Every structure is written in structure tokens, then in C-alpha cells.
Amino acid sequence: MPSIISVADVSKTYASGFRALDHVSLEVQHGEIFALLGPNGAGKTTLIGLICGIVKLGKGSVKVAGLDIVADYRAVRSMIGLVPQELTTDAFETVWATVSFSRGLFGKPLDPAHIEKTLRALSLWDKKDSKIMTFSGGMKRRVMIAKALSHEPRVLFLDEPTAGVDVALRKDMWAMVRSLRESGVTIVLTTHYIEEAEDMADRVGVISHGKIILVEDKVTLMHKLGKKQLVLQL
Ligand SMILES: Nc1ncnc2c1ncn2[C@@H]1O[C@H](COP(=O)(O)OP(=O)(O)O)[C@@H](O)[C@H]1O
Ligand SMILES: [Mg+2]
């Protein structure tokens, strides 16, 4: 599989002098679910923000589908959808309006059929005319995913999609992410839950103190971590 994202020797030092990323290189392959696994403060949001053009690139280079994120920033951004860690939605808007508006921000022509397909895939179709302020946290998260998919990106970034989400909703989210992958979208998600990386990802990159420690396909990684299970029959 060819890579869709190439991160080459990237370092990032914030204005405070803090080095959040230290010589990071990473390839994400087309069509995979890639989990960036690491504790709080490891640099996950910084790395995603950098690829999405929210955090200014320090040293190194990043390409998305062969295009440089700095030189070709406009083309790159239109290929990317980002669901940030914090939930930010327009409380007074309807689902349909906010998702359609997001598409417009990327200069894409109206496409009600695409918006409908996206809302149906996220089980939001029945709620399309509801105001977002009436929604639970899990539903708001789905609205944010719909917004991020509104302009038909090739890569979807999900920053801690299930932090603070209960177990049942988490399973729903995982099923939904898998079905998105079926539709051909490459997915990069961050998590600090090892089970999440294990259950969802095709490959896992472990990040700590701004360094990528290893990148493995999930099966190999879980083998390395030496999971032990004891089953008691009473
Ligand atoms: N704008 C900023 N200025 C200075 N330090 C920052 C800034 N943003 C993040 N950091 C620091 O960079 C480190 C990595 O943060 P972050 O990328 O958010 O980690 P993660 O998403 O893995 O929890 C943390 O120590 C954080 O405090
Ligand atoms: Mg983060």
C-alpha cells in the first residue's frame, strides 16, 4: 500500500522553548486505520495539528498524497478532515445547516446527496433538523465527525474520539470508524487507551515525550506487549 501521509524528520519546539516533537518520521498508508498511542502530553495533538496546518511546522517536512503541507496548503487542507479533541459545536444550528456550512467553507459545491449519505452513516439522519444544543456528548461528537467528512476528505483525523465516552458508545464509535474505512477514507486517531488501539487500528504508532518509539502492525505489537489472560472456570 502506498503512503498517504509522510512525516519526515519533524521536530517542533513551542515558543515557550518546550520541544513537543523530536525527530518524528512516520508513514501512514492509504486506506488504513492508524492509531497514535501515547500518554497525555506525549505530543499526539501537536503532531495531528501540524499535519492539519493548525500548528506551525518547525523542522522537517510533511506530505499528504504527495503534496507538501506548506507549499500546497490549500490542496492539502481540502483532503483532510479533523475532529478535534474538544467538542465545539454551534448550539443553535441544526445538524443539516452546520454540516452543509462546513462543506461550503472548503469551497465545494452543494451536494445534498453527500450530506445525506454522511448523516445516515453516522445515524444522524433522523435528527437532521434538530438543534445541536439538544444533543448528548456522543451525538455532538458524531456531528463533529459529519462536519469533518462534509467536504469528502481522503484522510480523517480523530483526536481522542472516545475520551470520556462510555463503553457502549465507544463500541459504536469503533464500528462507525471501521465502516468509514470501508468507504475508502484513511483514518488517523489518537488514544491513550491501549484497548482502543488494539480493537480499532490496523497499525499502531507509540509516541512518548515527542518521540515515536515504535510503529507496528497491531497483531505484532500486541504479541510484543505479551498480553496474558487467565480464564477461570468455576
Ligand atoms: N501552545 C503550546 N505551547 C507550549 N507548550 C505546548 C503547547 N501546546 C502543547 N504544549 C505542550 O506540548 C506537549 C504535548 O502536548 P500535546 O501534543 O497536546 O500532547 P497529547 O495530545 O499527546 O496529550 C505537552 O507537554 C503540552 O503541555
Ligand atoms: Mg491531545
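Residues: numbered from 1 along the sequence shown. Given the structure is predicted, the values throughout are model-derived calculations rather than measurements. Remember, it's 1-based here, ligands and their atoms both numbered in the order they're listed.
Nearest approach of I80 to P153, heavy atoms of both residues: C-CB, 3.5 Å. Listed here is the closest heavy atom pair of V83 and A148: CG2-CB, 3.6 Å. Minimum heavy-atom separation, L50 to K12: CD1-CB, 4.1 Å. Between S61 and L57, the shortest heavy-atom distance links the atoms CA-CD2, 4.3 Å. Nearest heavy-atom pair across S130 and F135 is CB-CE1, 3.7 Å.
A side-chain donor-acceptor contact under 3.5 Å links E27 and S3.
Under the 4.0 angstrom criterion, atom 16 (P) of ligand 1 counts as having a protein heavy-atom contact. For atom 26 (C) of ligand 1, no protein heavy-atom neighbour is present inside the 4.0 Å cut-off.
Counting heavy atoms closer than 4.0 Å to ligand 1, residue P39 contributes backbone atoms (N, CA, C, O) but none from C-beta onward.
When each atom of ligand 1 is checked for a heavy atom of A20 under 4.0 Å away, the hits are 12 (O). Applying the 4.0 Å criterion to heavy atoms of N40 picks out, from ligand 1, the atoms 23 (O). Numbered from 1 in the order shown, with element, the atoms of ligand 1 that lie under 4.0 Å from a heavy atom of A42 read 19 (O), 20 (P), 22 (O). Distances below 4.0 Å separate heavy atoms of F18 from the following atoms of ligand 1: 11 (C), 12 (O), 13 (C), 25 (O). Atoms of ligand 1 lying under 4.0 Å from any heavy atom of S16, numbered from 1 in the order shown and given with element: 4 (C).
Listed by chain and number, the protein N, O or S atoms at a distance under 2.8 Å from the Mg ion (ligand 2) are T45 OG1, Q85 OE1.
With hydrogens left out, the protein atom closest to atom 9 (C) of ligand 1 is Y14 CE1, 3.4 Å, a heavy atom. Considering only non-hydrogen protein atoms, atom 23 (O) of ligand 1 sits nearest to G41 N, 2.7 Å. T45 CB, 3.6 Å is the protein heavy atom nearest to atom 18 (O) of ligand 1. Closest to atom 19 (O) of ligand 1 among all protein heavy atoms lies G43 N, 3.2 Å.
Inclusion of Q85 in the set of residues having an N or O under 3.5 Å from an N or O of ligand 1 is not warranted.
Checking D159, L47, L37 one by one against T190, the side-chain contact (heavy atoms from CB on, under 4.5 Å) holds for a single residue, D159.
Taking the centre and axis of the six-membered ring of Y193, the NZ or CZ atom of R170 falls inside the cone set by 45° and 6.0 Å. Stacking of K171 on the aromatic ring of W174 is not recorded, the 6.0 Å distance cut-off and the 45° axial limit not both being met.
Interatomic distance, R103 CZ to I115 CD1, rounded to the nearest 0.5 Å: 6.0 Å. Taking CD from Q85 and CG from L87, the interatomic distance works out to 10.0 Å, rounded to the nearest 0.5 Å.
The existence of a salt bridge linking E182 and R178 is excluded, since no basic side-chain nitrogen approaches an acidic carboxylate oxygen closer than 4.0 Å.
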